[in-house]
Chemist: 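Please read through the structure below; I'll follow up with questions.
Numbered from 1 within each chain, the chains take letters A, B, ... in sequence-line order. Since the model is a prediction, treat every value here as computed from it, not as a measurement.
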2 protein chains.
Amino acid sequence: MATLRDLSRRLGLSVTQVSRALNGHADVAEATRARVLAEARRLGYQPNAAARRLATGRSGMLGLVLPGPPRMEEDSLFVQIVAALSQHLARLGRLFVLHIADPDEPQTEVYRRLIGGGAIDGFVLLEPQLRDPRVAFLRAEGVPFVVHGRIEPPHDYPFYDIDNRAVARRLTGMLIAAGHRRVAFLNGPARNTYAVSRRAGWREALEDAGIEPEPALHRFGAMSAGAGLVAAVDFWGPRGLWPTGVVCGSTRIAMGLLEGIRALGLSVPEDVSVVVHDDELPGLRPALFDPPLTATRSPLADGWPHLARLLVAAVDGEPAERLQVEGHVVTDERGSVAPPRPAPPGTV
Amino acid sequence: MATLRDLSRRLGLSVTQVSRALNGHADVAEATRARVLAEARRLGYQPNAAARRLATGRSGMLGLVLPGPPRMEEDSLFVQIVAALSQHLARLGRLFVLHIADPDEPQTEVYRRLIGGGAIDGFVLLEPQLRDPRVAFLRAEGVPFVVHGRIEPPHDYPFYDIDNRAVARRLTGMLIAAGHRRVAFLNGPARNTYAVSRRAGWREALEDAGIEPEPALHRFGAMSAGAGLVAAVDFWGPRGLWPTGVVCGSTRIAMGLLEGIRALGLSVPEDVSVVVHDDELPGLRPALFDPPLTATRSPLADGWPHLARLLVAAVDGEPAERLQVEGHVVTDERGSVAPPRPAPPGTV
DNA sequence: CTAGTATTCCAAAACGTTTCGGATGGGTGG
DNA sequence: CCACCCATCCGAAACGTTTTGGAATACTAG
């Protein structure tokens with residue numbers, strides 16, 4: 001493998017100048033730079049990553065840490081993320097390190113090990129939580145990171161996110177506009193920040209319409225078909241609360257909900273109106289549901305290129321304020337919303 | 001971050017001795033080593049990966065390169081591989097680098113870039129092919145690698161593999177033993193070495209029974225349900241070859257094959273006997289097919305820990321002969337094999 | 001002609017580790 | 001007492017890059 005010294009000898013230049021020529025510094029004559037570049041190409045020169053890293057303190061490696069092996073139903077999404085990050089980082093000249101943590105080891109220990117040896121320059125953080133310990137740790141250590149989503153203020157870090165409160169407001173608002181007053185919300189896990197924002201949005205939409213939000217109609221829970229099915233049985237079973245409209249935080253929840261609604265002999269949108277936020281999860285398209293579901297839509301996939309770009313910029317020292325991207329959300333009307341039908345006698 | 005120098009100053013030792021103490025060299029007094037270890041722990045010392053790498057030439061990073069984003073039906077398998085490699089390598093103190101190559105860039109260029117800067121010590125090679133260009137390149141460059149499967153002899157490299165010829169012999173043999181003479185084989189892609197070995201096994205089993213292998217009954221093709229379905233229509237359609245028994249190289253092929261057989265109004269095992277090799281692909285269990293399929297079984301997942309271990313050993317200079325593992329294959333009899341029924345009149 | 005300013009270059013230090021070639025001192029066998 | 005060996009230690013070089021602080025040259029303004 002050719003080194004800078006080899007080049008410098010062949011060219012009759014100092015190692016310094018060769019380095020500066022290759023790195024595009026200003027104080028090297030254009031003619032010299034051309035000679036250096038030509039010779040470097042000829043010899044197939046590639047800078048030694050270790051040496052560069054020792055000198056600069058940067059490794060050029062960016063990491064994603066998962067708390068454990070993904071659950072089966074998340075497989076396709078996981079592949080999407082990993083493939084996208086790897087590809088986009090490669091395009092930016094970085095390497096992608098994937099680390100599946102041992103579920104027993106404390107999260108921050110894992111990060112400590114990875115940054116300790118200077119192996120990894122920065123991290124992508126998925127599924128941020130309120131008072132996220134990873135964020136606290138990386139902040140304290142001064143290690144760059146980019147968040148997919150947002151944590152609580154101050155927002156002094158790079159992120160890609162959508163306006164989750166607005167999403168929930170819009171979905172809830174569509175049902176209210178159709179005349180619904182008992183609007184339930186099947187939300188994600190309470191520990192995730194986006195779920196908290198969405199609850200706020202649901203509340204606001206109701207309050208704006210002069211409706212008192214009924215706590216029992218809001219549910220934190222898993223983003224799974226199971227959660228939707230259970231909710232259906234619970235809402236419209238013997239002692240149910242009979243909401244007339246339901247906002248689903250995920251197409252997976254909606255899938256289970258629709259199954260439950262069908263099983264109970266009800267139908268959408270005649271008996272219940274359903275709307276959903278569509279992340280464009282692989283293989284789950286609200287347009288292909290029966291009936292097709294009205295939805296707000298912002299593909300998760302939109303975020304991956306941004307995350308790669310933002311993280312690289314953050315490692316390069318760009319200030320966080322310029323590294324905050326909010327994704328677009330569009331609305332797809334599909335006819336799963338109709339005016340409410342009065343609740344059957346004998347229910348609240 | 002504490003360095004060796006910090007430790008040496010605190011302990012009144014030379015940097016040399018501290019380094020040797022931590023790395024378990026022989027010429028350091030036990031008492032000294034204990035002191036060093038204690039102090040290292042106290043300061044939370046972690047060796048700087050870049051410096052070590054610069055000195056030793058090894059980076060501690062091991063890579064997997066995929067030629068492009070995985071296809072959807074392979075997602076779960078891909079997750080399994082990636083998660084397992086990451087976890088097992090982490091346990092061995094190495095980092096796992098996943099690189100999704102740009103499909104346009106020539107494979108060897110990708111590897112050249114990755115090893116060029118000394119970024120990656122060695123690679124896991126999946127889906128080896130005959131005269132695999134990656135193998136040729138890595139061999140020429142002297143970069144360690146481990147192969148999942150085998151390439152053509154000489155076998156002077158580390159691998160984990162099963163005896164694919166024996167698998168095909170066993171499956172074909174089971175059908176022959178039940179009285180079948182027209183035994184078809186739905187194989188994997190011709191470019192993959194395992195498919196070539198399996199074809200040899202199929203041939204041998206037939207020849208051992210004094211049956212002339214009929215080339216039209218063997219098919220290279222994708223490991224997909226589609227391939228199985230097409231084969232079914234082709235075998236038992238209007239101008240079909242009417243094999244009485246079929247060996248499937250994968251449960252995915254078998255899935256399509258069974259669907260086709262059913263669609264043609266035939267049934268297993270009355271009209272056709274079917275056996276399959278079961279890799280334990282996620283979500284595909286021959287025991288749950290209708291009817292349950294007789295199979296040879298060796299979980300792909302068995303291989304991942306070996307691959308991690310073998311690669312690490314290879315990078316550490318262990319000779320290849322000791323780094324060759326052959327996985328076990330068991331047979332599951334499930335009753336999808338019956339004696340053949342005579343071909344309908346008018347067919348070959 | 002002089003002082004000042006760009007432009008282009010370079011020697012040497014620094015990054016933190018491993019390793020090579022000894023040095024030191026105590027013990028052993030003669 | 002000498003020669004030798006063993007156990008334990010150390011200084012210095014090496015890995016290949018970036019960066020610092022200036023040096024040398026040519027040009028410009030006065």
Side-chain angles (χ1 to χ4, degrees), chain A residues 1-37 39-40 43-61 93 95 115-121 315-317, chain B residues 1-37 39-40 43-61 93 95 115-121 315-317:
Chain A
M1 201 73 301
T3 74
L4 279 189
R5 252 175 75 88
D6 296 337
L7 285 180
S8 79
R9 268 197 295 251
R10 261 167 230 266
L11 291 163
L13 285 170
S14 72
V15 171
T16 307
Q17 276 313 88
V18 177
S19 169
R20 302 185 75 96
L22 292 174
N23 289 333
H25 283 238
D27 68 346
V28 37
E30 270 318 314
T32 313
R33 186 192 310 282
R35 275 176 60 218
V36 171
L37 287 176
E39 188 69 5
L43 292 194
Y45 169 77
Q46 281 195 275
N48 179 302
R52 167 176 285 176
R53 172 166 146 203
L54 186 56
T56 62
R58 301 232 189 87
S59 72
M61 312 228 160
L95 247 42
I115 64 176
I120 295 190
D121 290 343
V315 169
D316 286 346
Chain B
M1 200 74 298
T3 72
L4 280 188
R5 251 174 75 90
D6 297 336
L7 285 180
S8 78
R9 268 196 296 251
R10 262 166 228 267
L11 291 163
L13 285 171
S14 73
V15 171
T16 305
Q17 276 313 88
V18 178
S19 168
R20 302 185 74 97
L22 292 174
N23 289 332
H25 284 238
D27 67 347
V28 37
E30 270 317 313
T32 315
R33 186 193 310 282
R35 277 177 60 220
V36 171
L37 286 176
E39 188 68 6
L43 292 194
Y45 169 77
Q46 282 195 275
N48 180 301
R52 168 174 284 178
R53 173 167 146 201
L54 187 55
T56 62
R58 301 234 187 86
S59 72
M61 312 229 159
L95 247 42
I115 63 175
I120 295 189
D121 289 343
V315 168
D316 285 346

Chemist: May I ask you to decide if A/Ala119's main-chain N or O and A/Ser59's side chain share a donor-acceptor pair within less than 3.5 Å?
Modeler: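 Checked: pair present.
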Chemist: Rounded to 10°, tell me the angle between the two end axes of the helix from C/dC1-D/dG30 to C/dG30-D/dC1, each built from five pairs.
Modeler: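 Comparing the axis at each end, I get an angle of 50°.
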Chemist: Specify the separation, in whole Å, of atom NE2 of B/His25 and atom C1' of C/dT17.
Modeler: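 Distance check: B/His25 NE2 to C/dT17 C1' gives 11 Å.
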Chemist: Are the side chains of A/Leu95 and B/Met61 in contact, using a 4.5 Å heavy-atom criterion?
Modeler: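 Of all side-chain heavy-atom pairs linking A/Leu95 with B/Met61, none is under 4.5 Å.
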Chemist: Provide, to the nearest angstrom, the distance between the CG atom belonging to A/Leu54 and the P atom belonging to C/dT18.
Modeler: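 It is 12 Å, rounded to the nearest whole Å.
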Chemist: Check every strand shown and say whether A/Ser19 touches a base, only sugar-phosphate, or nothing at a heavy-atom separation below 4.0 Å.
Modeler: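 Base contact.
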Chemist: If you compare all heavy atoms of B/Asn48 against all heavy atoms of A/Leu54, which two are closest, and at what distance to 0.1 Å?
Modeler: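 Nearest pair, atom of B/Asn48 first, then A/Leu54: OD1-CD1, 4.3 Å.
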Chemist: Can you name the residues that form a side chain to side chain donor-acceptor pair (under 3.5 Å) with B/Asn23, not counting sequence neighbours?
Modeler: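 Result, side chain to side chain donor-acceptor pair (under 3.5 Å) vs B/Asn23: none returned.
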Chemist: Distances under 3.5 Å only, N/O to N/O: pair up the protein atoms with those of nucleotides 4-10 of chain C.
Modeler:
{"residue": "C/dC9", "atom": "OP1", "partner": "A/Thr32", "partner atom": "OG1", "Å": "3.0"}
{"residue": "C/dC9", "atom": "OP2", "partner": "A/Ala29", "partner atom": "N", "Å": "3.0"}
{"residue": "C/dC9", "atom": "OP2", "partner": "A/Thr32", "partner atom": "OG1", "Å": "3.2"}
{"residue": "C/dC9", "atom": "N4", "partner": "A/Asp27", "partner atom": "OD2", "Å": "2.7"}
{"residue": "C/dC10", "atom": "OP2", "partner": "A/Ser14", "partner atom": "N", "Å": "2.9"}
{"residue": "C/dC10", "atom": "OP2", "partner": "A/Ser14", "partner atom": "OG", "Å": "3.3"}

Chemist: Using whole Å, report how far CG of A/Asn23 lies from P of D/dT20.
Modeler: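 After rounding, the gap between these two atoms is 13 Å.
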Chemist: If you count heavy atoms of other groups shown closer than 6.0 angstrom to CZ of A/Arg5, is the number above 12?
Modeler: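 For A/Arg5, atom CZ is not crowded (no more than 12 foreign heavy atoms under 6.0 Å).
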Chemist: Does a side-chain heavy-atom distance below 4.5 Å link B/Arg58 with B/Asp316?
Modeler: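 Of all side-chain heavy-atom pairs linking B/Asp316 with B/Arg58, at least one is under 4.5 Å.
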